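Every chain is numbered from 1, with letters handed out A, B, ... down the list of sequences. All of these numbers come straight from a predicted model, not from anything done at the bench.
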2 protein chains.
Amino acid sequence: MTTVPEPAARSPKAEQTRRGITNAAMVLFRERGYDKTTMRAIADEAGVSLGNAYYYFGGKEHLIQAFYDQVQVEHAAAAEGVLAGEKSFAPRLHGLLGAWVDISAPYHEFAGQFFKNAAEPTSPLSPFSPDSAPAREASIALFRRVVEDSDLKLAPALRRELPELLWLLHMGVVLFWVYDASPGQRRTRELVARAVPLVDRLARSTRLPVVRGVVDDMLELVGALRT
Amino acid sequence: MTTVPEPAARSPKAEQTRRGITNAAMVLFRERGYDKTTMRAIADEAGVSLGNAYYYFGGKEHLIQAFYDQVQVEHAAAAEGVLAGEKSFAPRLHGLLGAWVDISAPYHEFAGQFFKNAAEPTSPLSPFSPDSAPAREASIALFRRVVEDSDLKLAPALRRELPELLWLLHMGVVLFWVYDASPGQRRTRELVARAVPLVDRLARSTRLPVVRGVVDDMLELVGALRT
DNA sequence: GTCTATAGTGGGATAGAC
DNA sequence: GTCTATCCCACTATAGAC
């Protein structure tokens, strides 16, 4: 759910115009939803011509980037607070996943409207797309910090893969969140609250011989699929 | 990826018109892909007016139903062959999941184009939507047969939930498949080939105390989320 | 390089006559 | 149930002002 920022604008004036357009888009998206916000209305709200809006943004969906960027920046900031004091793995993971749900809550209603754009495999907005690589790496880095500075003792092979696996878990939570119609996304919070101890338990039991076989299989699986 | 058929038409004439439109849509979707097929072209190909096409189908995405129905019927038929002779759990599961990949292979390229419509939470095409309930149940029933007539010995609680969990696994495979750009969906087949023994191993190890704790947590999780 | 104004195309969706 | 006519809007094109 995160992507690359647009290339830096040349002049400060251009930067201001660009900001005006993204701001207008964010306001209108929240006011009327994605589908009912027209490019004309965005241009009007920003006080620029329609053509100018298209000069800065290739299309309507490019404006979704602004939302992604905002969420990602807030998530990274929130991560600081969470990861600074806590050393136990479970609370660290719960803090990071929960922070995302908190941050994204205001956008839940209209996020579903443009989720389909990100879902299209060929879309640059897909979290798996090359365009999203930098933001994806940044997000994975947060999960790497969750693992590395925690009290978890793991086999090196698993320790290497775990951050990416946790990011995949995060994507799963996002998917669930999009479909979650419960008030305040209660069910997503419950999912997080229950999934974290489960992951913690699984991760800690990897030293047992029985479990280790399963874990090795899983690592082989993800390794094979990455090729 | 499956949904409910449209309500039965009244007259035979209407039924014929409807068929003509769905046929035209299927032909053009495969020829040019979903996005490049216009409703006008579909109406032309079917020999009806644009307005008439909309009289029968609420929108372009409603025509995707025809594709879903086709795949589901083929999958159910293929399941017969797979489940008839085999009694071991792993080959049964592998057979069912593999059959879906085989059947869907011809549609892979253009399936990605309209996947986004199914991904939208409010869409009736979503596999989790109420509209999809009958087809979803039919699909889960296939996985129930995979479990019930197999050699698996399981705790009753798990045995009750496993079919739905396997259907979720199936949805995961579908999701992976949509994003899989490898030739012949090689990676999806590899995912299936490696995930099945893993699931088999996990299911069979549920008698061990360590694993049982994890399984109980998982069952509690899905139970809590269903509410 | 930044921006406006205007005109136009294409295609999804609808209204209303028959 | 079927058509024709129309609307709406994303998006493009262009010509030119600063």
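Centroid-to-centroid, the aromatic rings of A:Y107 and A:W100 stay 6.0 Å apart or farther.
One can place OH of A:Y34 at 9 Å from P of D:dA10, the figure rounded to the nearest angstrom. For A:E61 and D:dC9, the CD to P distance is 19 Å, given to the nearest whole Å. Protein atom NE2 of A:H62 is 10 Å distant from nucleotide atom P of D:dT12, rounded to whole Å. Taking atom CG of residue A:L63 and atom P of nucleotide D:dA10, one finds them 11 Å apart after rounding to whole Å.
A heavy atom lying under 4.0 Å from DNA chain C marks none of the residues of residues 19-30 of chain A.
An OP1 or OP2 oxygen of C:dT2 is reached within less than 4.0 angstrom by a side-chain nitrogen or oxygen of A:S11. Between B:N52 and D:dC3 there is a side-chain N or O to OP1 or OP2 distance below 4.0 Å. Between A:K60 and D:dA10 there is a side-chain polar atom (N or O) within less than 4.0 angstrom of OP1 or OP2. Residue A:T17 places at least one side-chain N or O closer than 4.0 Å to OP1 or OP2 of C:dC3. OP1 and OP2 of C:dT14 both lie 4.0 Å or more from every side-chain N or O belonging to B:Y55.
A:Y68 is not listed as a side-chain neighbour of A:V71, based on a closest heavy-atom distance of 4.5 Å or more.
The pair A:E164-A:R136 does not count as a salt bridge, with every side-chain nitrogen at least 4.0 angstrom from each carboxylate oxygen. One finds a salt bridge joining B:D102 and B:R189 here, because a Lys/Arg side-chain nitrogen approaches an Asp/Glu carboxylate oxygen to under 4.0 Å. Using a 4.0 Å cut-off between charged nitrogen and carboxylate oxygen, A:D200 and A:R92 do not count as a salt-bridge pair. Electrostatic pairing of B:K116 and B:E61 does not count as a salt bridge here, judged by no charged N lying under 4.0 Å from a carboxylate O. At a threshold of 4.0 Å, the pair A:R226-A:E161 counts as salt-bridged, since one of the basic side-chain nitrogens sits closer than that to a carboxylate oxygen.
When distances are taken from the side chain of B:Y54 to each of D:dC11, C:dA13, C:dT2, the shortest belongs to C:dA13.
Using modelled atom types, one finds no donor on one side chain facing an acceptor on the other under 3.5 Å when comparing A:S123 with A:S126.
Ring geometry for B:H170 against B:F143 counts as tilted: the plane angle lies between 30° and 60°, on a 0 to 90° scale. Note: B:Y34 and B:F114 have perpendicular aromatic rings, judged against thresholds of 30 and 60 degrees for the angle between ring planes.
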Could you write out each protein N or O paired with an N or O of nucleotides 5-10 of chain C at a distance under 3.5 Å?
none

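Recorded end-axis angle for the helix from C:dG1-D:dC18 to C:dC18-D:dG1 stands at 10°, based on five pairs per end and rounded to 10 degrees.
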